[in-house]
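Here is the structure we will look at, set down as structure tokens.
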Amino acid sequence: MNLAVNVNDYRERREATLHSLADSVVARVTASGTPHTLPPMPASERRVIHLYLAQHPEVTTSSEGIARNRGLVISPRL
């Protein structure tokens, strides 16, 4: 049984923070044309960013690393 606790709308605030982070990295990636790797983060947070950018016309996302050192890479679309 999984239990999720959402104190003071933490999930919504964290998701908004991750969207903001993704937007700033997308701006950097599109301006420079080079991929950018985000620091390691939990799978649930990587998933939020993957889903947020899934339909973005200018970038793609992928996960790299092993176990706790798994981060997200945002790359320009070719």
Side-chain angles (χ1 to χ4, degrees):
M1 178 171 136
N2 289 333
L3 177 66
V5 178
N6 188 9
V7 177
N8 292 327
D9 297 322
Y10 173 78
R11 280 181 126 175
E12 289 81 6
R13 289 184 289 122
R14 183 63 182 154
E15 189 170 314
T17 300
L18 291 170
H19 288 179
S20 177
L21 172 65
D23 288 337
S24 66
V25 173
V26 165
R28 188 178 318 159
V29 168
T30 56
S32 70
T34 58
H36 183 79
T37 304
L38 296 174
M41 60 181 65
S44 61
E45 292 185 358
R46 288 194 317 273
R47 183 176 188 277
V48 167
I49 296 174
H50 280 302
L51 291 175
Y52 180 64
L53 297 177
Q55 301 301 319
H56 197 284
E58 298 179 35
V59 297
T60 61
T61 61
S62 61
S63 292
E64 285 187 358
I66 300 171
R68 302 188 101 201
N69 291 322
R70 198 156 172 86
L72 189 121
V73 180
I74 300 176
S75 305
R77 247 187 230 279
L78 300 177

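Only a predicted model underlies this, so the values are computations on that prediction, with no experimental measurement involved.
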Cluster link L18 to V73, ILVMFWY, side chain under 4.5 Å: no

R13 CZ: over 12 foreign heavy atoms closer than 6.0 Å: yes

Qualifying side-chain hydrogen bond (donor to acceptor under 3.5 Å, both in side chains) pairs with a residue from residues 66-75, counting only residues at least two apart or across chains: none

Backbone N/O of A16 and side chain of S20: donor-acceptor pair under 3.5 Å: no

Short side-chain to backbone donor-acceptor contact, R14 and E45, under 3.5 Å: no

CA sep, side-chain torsions, deciding dist, call: V25, L72, side chain to side chain contact (heavy atoms under 4.5 Å, CB included): CA-CA 11 Å; V25 173; L72 189 121; over 6 Å; no

Members besides L78 in its Ile/Leu/Val/Met/Phe/Trp/Tyr cluster (side-chain heavy atoms under 4.5 Å): none

Throw together a table of side-chain donor-acceptor distances under 3.5 angstrom for residues 50-62, partners on residues two or more places apart or in other chains.
residue	atom	partner	partner atom	Å
H50	ND1	T61	OG1	2.6
H50	NE2	S63	OG	3.0
Y52	OH	D23	OD1	3.0
Y52	OH	D23	OD2	3.0
H56	ND1	E58	N	3.0

In chain order, what residues pass the side-chain hydrogen bond (donor to acceptor under 3.5 Å, both in side chains) check against [X], with sequence neighbours excluded?
X   : result
S32 : T34
E15 : none
R28 : H36

Euclidean distance, R46 CZ relative to L38 CG, rounded to 0.5 Å: 10.5 Å

